[in-house]
Amino acid sequence: MELENDMDIKLNQESDLTRDFETGAIQAAIVDKSQLPAEDFLFTEPLYIMHGKILVKENSSFDNINQLADVRIAVEEGEEDVAERIEELYGAKGVSVVFAKDFQQSLDMLENDRVAAVAGDETKLSYLINQQRSNRYYKFLKYSFSRKEICVALNKDN
């Protein structure tokens, strides 16, 4: 898509969004719609839906996330929202979260049976698995543990 105005792209921390909008450092942001208060911002229709999914080995006995009980799930450091959601939904069933420094460590933990699964954003996990080009095979369990609408946000003043 061709725009008439030049755009500068800036990576931003979620915690800085409101301040950067207030100071005029940014005019728009691609965000999870729930990150910013609806009374202060306008949102486009979702660009895409981000689904939180559980990844297991292809030969796993689990087929859907409701079967999870008494297992450990790897979550990448920095994905605290994923860990909190897993514990909220499945903690009572004996599911616990183990943090990994990165995606590769998560997969290594899965391969070495230190965890039964890896949790995260389906698109990100799929991309990273495809980049590996290994002979290891995985599957996503049926159903999502979270759903986020990713939109462009603007100040209502704009």
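Quantities reported herein were computed from a predicted structural model and do not represent experimental measurements.
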Does one hydrophobic cluster hold both [X] and [Y], with members joined at side-chain heavy-atom distances below 4.5 Å?
X	Y	value
Tyr48	Phe140	no
Met50	Leu128	no
Tyr143	Ile73	yes
Ile86	Leu110	no
Leu154	Ile150	no

Surrounding [atom1] of [X] (heavy atoms of other residues, nucleotides or ligands, distance under 6.0 Å), is the total greater than 12?
X	atom1	result
Gln131	CD	yes
Lys93	NZ	yes
Lys101	NZ	no
Tyr127	OH	no

Could you tell me whether a side-chain N or O of [X] sits under 3.5 Å from a main-chain N or O of [Y], the two making a donor and an acceptor?
X	Y	value
Asn112	Arg114	no
Gln27	Gly24	yes
Glu87	Glu84	no
Ser60	Val56	no
Ser144	His51	no
Glu79	Val75	no
Lys53	Asp121	no

Distance, nearest 0.5 Å, that separates [atom1] of [X] from [atom2] of [Y]:
X	Y	atom1	atom2	value
Leu141	Asn66	CG	CG	9.5 Å
Leu36	Leu42	CG	CG	11.5 Å
Ser96	Asp70	OG	CG	9.0 Å
Cys151	Phe41	SG	CZ	13.0 Å
Gln67	Ser61	CD	OG	7.0 Å
Tyr90	Ile65	OH	CD1	3.0 Å

Between Asp20 and Leu17, is a side-chain contact (heavy atoms from CB on, under 4.5 Å) present by the stated rule, with each step listed?
CA-CA 5 Å; Asp20 284 355; Leu17 280 175; 6.0 Å; no

For [X] and [Y], which heavy atoms make the closest approach, and how far apart are they?
X	Y	result
Gly120	Leu125	N-CD1, 3.7 Å
Phe62	Ala116	CE1-CB, 4.4 Å
Ala28	Val152	CB-CG1, 4.1 Å
Phe43	Ala38	CE1-CA, 4.0 Å
Ala117	Ile54	CB-CG2, 3.4 Å
Val118	Leu107	CG2-N, 4.5 Å

Could you tell me whether [X] and [Y] make a salt bridge, using a distance below 4.0 angstrom between a side-chain N and a carboxylate O?
X	Y	result
Asp63	Lys139	yes
Glu76	Lys124	yes
Arg72	Asp113	no
Arg85	Glu88	yes

Co-members of Ile49 in a cluster of I, L, V, M, F, W and Y side chains, linked at under 4.5 Å:
none

Tell me which one of Gln132, Glu111, Lys57, Glu58 satisfies side-chain hydrogen bond (donor to acceptor under 3.5 Å, both in side chains) with Tyr138.
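Among Gln132, Glu111, Lys57, Glu58, the one that satisfies the side-chain hydrogen bond (donor to acceptor under 3.5 Å, both in side chains) with Tyr138 is Glu111.
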
Go through it in stages, so that I can follow the logic: the residues are Phe145 and Val82, the test is side-chain contact (heavy atoms from CB on, under 4.5 Å), and I'd like the CA-CA distance, side-chain angles, deciding distance and then a yes or no.
CA-CA 9 Å; Phe145 61 83; Val82 171; 3.6 Å; yes

Within-4.5 Å side-chain heavy-atom neighbours: Lys148 and Asp81:
yes

Step by step, would you call Asp32 with Arg147 a salt bridge (Lys or Arg N to Asp or Glu O under 4.0 Å)?
CA-CA 10 Å; Asp32 167 8; Arg147 180 182 188 276; over 6 Å; no

